[in-house]
Amino acid sequence: MIPESHIDILAAESYAHLSTVMPDGTPQVTPVWVDHDGREAILLNTARGRQKERNIRANPKVGVSVLDPDDPYRYVSVRAEAELIEDGADDHIDTLAQQYMGVDEYPHHGEESGPRVIVRVPAENVATSG
């Protein structure tokens, strides 16, 4: 579980770094918007067909690191096998757009390579600092 002491990092306008595994075994890291499912999981959002989604579909082992935007020495990090969920993903990206862009609807609906997906990273192996 994500400690109560660090859940505020995931509720803030923090950026996460998602690490996935490329087909050749090398890491691929992408900065992404972040959300959470209580203390149970970190939630991210992407479009089908993007490199991170293809990597997760082939190998769901991921790492996510999120820094406190006010204190870069304070962070939460999670390693787990991610799940890809399409149900509710369009509403989820709209919620993230409200948080990060201050708009009611994500402005790029329909421009991506495929439908939106939620990347759910269960809080299995959690590390924190600060």
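When reading the values below, keep in mind they use all heavy atoms of this one structure, side chains included, and skip hydrogens, waters and symmetry mates.
Cluster membership check: I118 does not share its hydrophobic cluster with V32, using side-chain heavy-atom separations under 4.5 Å among Ile, Leu, Val, Met, Phe, Trp and Tyr. Taking hydrophobic clusters as Ile, Leu, Val, Met, Phe, Trp and Tyr residues chained together by side-chain heavy-atom distances below 4.5 Å, Y15 shares a cluster with V103. Each of L18 and V21 belongs to its own hydrophobic cluster when Ile, Leu, Val, Met, Phe, Trp and Tyr are linked at side-chain heavy-atom distances under 4.5 angstrom. V78 and L67 fall into different hydrophobic clusters, where Ile, Leu, Val, Met, Phe, Trp and Tyr residues are linked whenever their side-chain heavy atoms come under 4.5 Å apart, directly or through other members. Connection of M101 to L43 is not established within any shared hydrophobic cluster, with ILVMFWY side chains joined at heavy-atom distances below 4.5 Å, either directly or through further cluster members.
R79 contributes no side-chain N or O that, together with a main-chain N or O of G63, makes up a donor-acceptor pair within less than 3.5 Å. The backbone N or O of S14 sits less than 3.5 Å from a side-chain atom of Y100, completing a donor-acceptor pair. A donor-acceptor contact shorter than 3.5 Å links the side chain of N45 to the backbone of A89. Using modelled atom types, no side-chain atom of D68 and backbone atom of Y75 make a donor-acceptor pair closer than 3.5 Å.
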Under 3.5 Å, which donor-acceptor pairs link side chains of residues 5-12 to any protein atom two or more places apart or in another chain?
residue, atom, partner, partner atom, Å
H6, NE2, S129, O, 3.1
H6, NE2, G130, O, 3.2
D8, OD1, R74, NH2, 2.7
D8, OD2, R74, NH1, 3.1

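In this structure, the separation between CD1 on I85 and CZ on R116 is 14.0 Å, given to the nearest 0.5 Å. Taking CZ of R120 as the reference point, atom CD1 of I42 lies at 11.0 Å (rounded to 0.5 Å). Once rounded to the nearest 0.5 Å, the distance linking CD1 of I93 with NE2 of H108 reads 9.5 Å. One finds the OG1 atom of T30 at 9.5 Å from the CZ atom of R50 (value rounded to the nearest 0.5 Å). Distance check, rounded to the nearest 0.5 Å: CD of E86 to CZ of R48 gives 4.5 Å.
Looking only at side-chain heavy atoms (C-beta outward), R54 and P23 stay at 4.5 Å or farther from each other. Counting heavy atoms from C-beta on, the side chains of T46 and V119 come closer than 4.5 Å. N59 places none of its side-chain heavy atoms less than 4.5 Å from the side chain of T20.
Smallest separation of non-hydrogen atoms from A123 and I2: CB-CG1, 3.8 Å. Taking all atoms of both residues into account, the shortest heavy-atom contact from H92 to L44 is CE1-O, 3.7 Å. Nearest heavy atom pair, residue A47 against residue E53, reads O-CB, 3.7 Å. Minimum heavy-atom separation, W33 to L96: CE3-CB, 3.5 Å.
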Problem - Test side chain to side chain contact (heavy atoms under 4.5 Å, CB included) applied to K52 and V62, step by step - result: CA-CA 10 Å; K52 58 188 162 287; V62 303; over 6 Å; no
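Annotation: D87, atom CG; neighbour count of heavy atoms from other residues, nucleotides and ligands within 6.0 Å does not exceed 12.
Residues satisfying the side-chain contact (heavy atoms from CB on, under 4.5 Å) criterion with M22, sequence neighbours excluded, are D24, T26, Q28, Q51, N55.
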